[in-house]
Amino acid sequence: MQEQSKQVIIAIFLGWLGGYRFYKKQYVLGIIYLFTCGLFGIGWIVDIIQSCRPIKNTDQQNSINSDNTSDDSNLIIVTEFHTKVVGVTYECETGPYSYRQRALEELSYRDTLILVPYLFDLKPAYRVVNKKNSADIGNLSAELAKEITEKYSDCNIEIVDFYVTGRDAKTLGCNLKIRITKPNPNDVTE
């Protein structure tokens, strides 16, 4: 059964008993729902609506042309790669949430993730942040941050796709598709 369908079914049939909240690993809220019949029905309705929101699909990728140019013809794609976000179980450094797991739970496919460079122990680092609410969900690995800083300091670095993992597990994670571009030297501007 698809993840989306499973969430909708749980929300509709067990939401008033806190089933959807238990499924989302929000145990305290699940217990509250259990004793208040889904927050007197209001929370149950909210959960049904929330469960109907589309879940990001890994097959959704931004288009890349075969000649290694991005959608913006002024840029050349230097490289693209997939990586995972590290530190997803720690407290948030920025944004409205206390913990990164909560920020990941609320992450929608409509959100835009950005990389924010900073120094950690005087070494280059990149924080992964939700542009909508400034909530950080983790970091790039120290090795990757070092490589990006050393090899691609004159390039543009952007997250072009992401996928939240572990929706069926205890701990959520996040995989990223990163694109590194540079200005097209053949681009003649007036």
Should [X] and [Y] be regarded as members of a common hydrophobic cluster, given that ILVMFWY residues are connected when their side-chain heavy atoms come within less than 4.5 Å of each other, either directly or indirectly?
X: L113; Y: I178; value: yes
X: V128; Y: Y97; value: no
X: V116; Y: I157; value: no
X: F162; Y: L104; value: yes
X: V86; Y: L107; value: no

Do the side chain of [X] and the main chain of [Y] share a donor and acceptor less than 3.5 angstrom apart?
X: Q7; Y: C52; answer: no
X: D121; Y: K123; answer: no
X: Q101; Y: L172; answer: yes

Co-members of the apolar cluster containing Y33 [side chain, <4.5 Å]: V28, L29, I32, L39
Members besides I31 in its Ile/Leu/Val/Met/Phe/Trp/Tyr cluster (side-chain heavy atoms under 4.5 Å): F22, Y27, F35
Could you go through residues 135-142 and list every donor-acceptor pair under 3.5 Å that involves a side-chain atom there, pairing it with any protein atom two or more places apart or in another chain?
from: D136; atom 1: OD1; to: E93; atom 2: N; distance (Å): 2.7
from: D136; atom 1: OD1; to: T94; atom 2: N; distance (Å): 2.9
from: D136; atom 1: OD2; to: E93; atom 2: N; distance (Å): 3.4
from: D136; atom 1: OD2; to: R100; atom 2: NE; distance (Å): 2.7
from: D136; atom 1: OD2; to: R100; atom 2: NH2; distance (Å): 2.7
from: N139; atom 1: OD1; to: Y118; atom 2: OH; distance (Å): 2.9
from: S141; atom 1: OG; to: L144; atom 2: N; distance (Å): 3.2

Let me confirm one number: the [atom1]-[atom2] distance from [X] to [Y], rounded to the nearest 0.5 Å.
X: S108; Y: Q50; atom1: OG; atom2: CD; value: 10.0 Å
X: I114; Y: Y126; atom1: CD1; atom2: OH; value: 12.5 Å
X: K146; Y: K151; atom1: NZ; atom2: NZ; value: 11.5 Å
X: N130; Y: C174; atom1: CG; atom2: SG; value: 10.0 Å

Salt bridge (charged side-chain N to carboxylate O under 4.0 Å, His left out) against E91, all qualifying residues, sequence neighbours excluded: none
Closest heavy-atom pair and its distance - T149, P124: OG1-CB, 3.3 Å
G173 versus V88, closest heavy-atom pair with distance: CA-CG2, 4.4 Å
Validation: residues 8-20 side-chain donor-acceptor distances under 3.5 Å, sequence neighbours left out:
from: W16; atom 1: NE1; to: F13; atom 2: O; distance (Å): 3.4

Any side-chain heavy-atom pair of F81 and T79 under 4.5 Å: yes
Evaluation steps, side-chain contact (heavy atoms from CB on, under 4.5 Å), between R179 and T181: CA-CA 6 Å; R179 178 181 294 160; T181 59; 3.7 Å; yes
salt_bridge(R21, D47) N-O dist < 4.0 Å: yes
Contacts of type side-chain hydrogen bond (donor to acceptor under 3.5 Å, both in side chains), residue R102, not counting sequence neighbours: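 Expected list: E105, E106.
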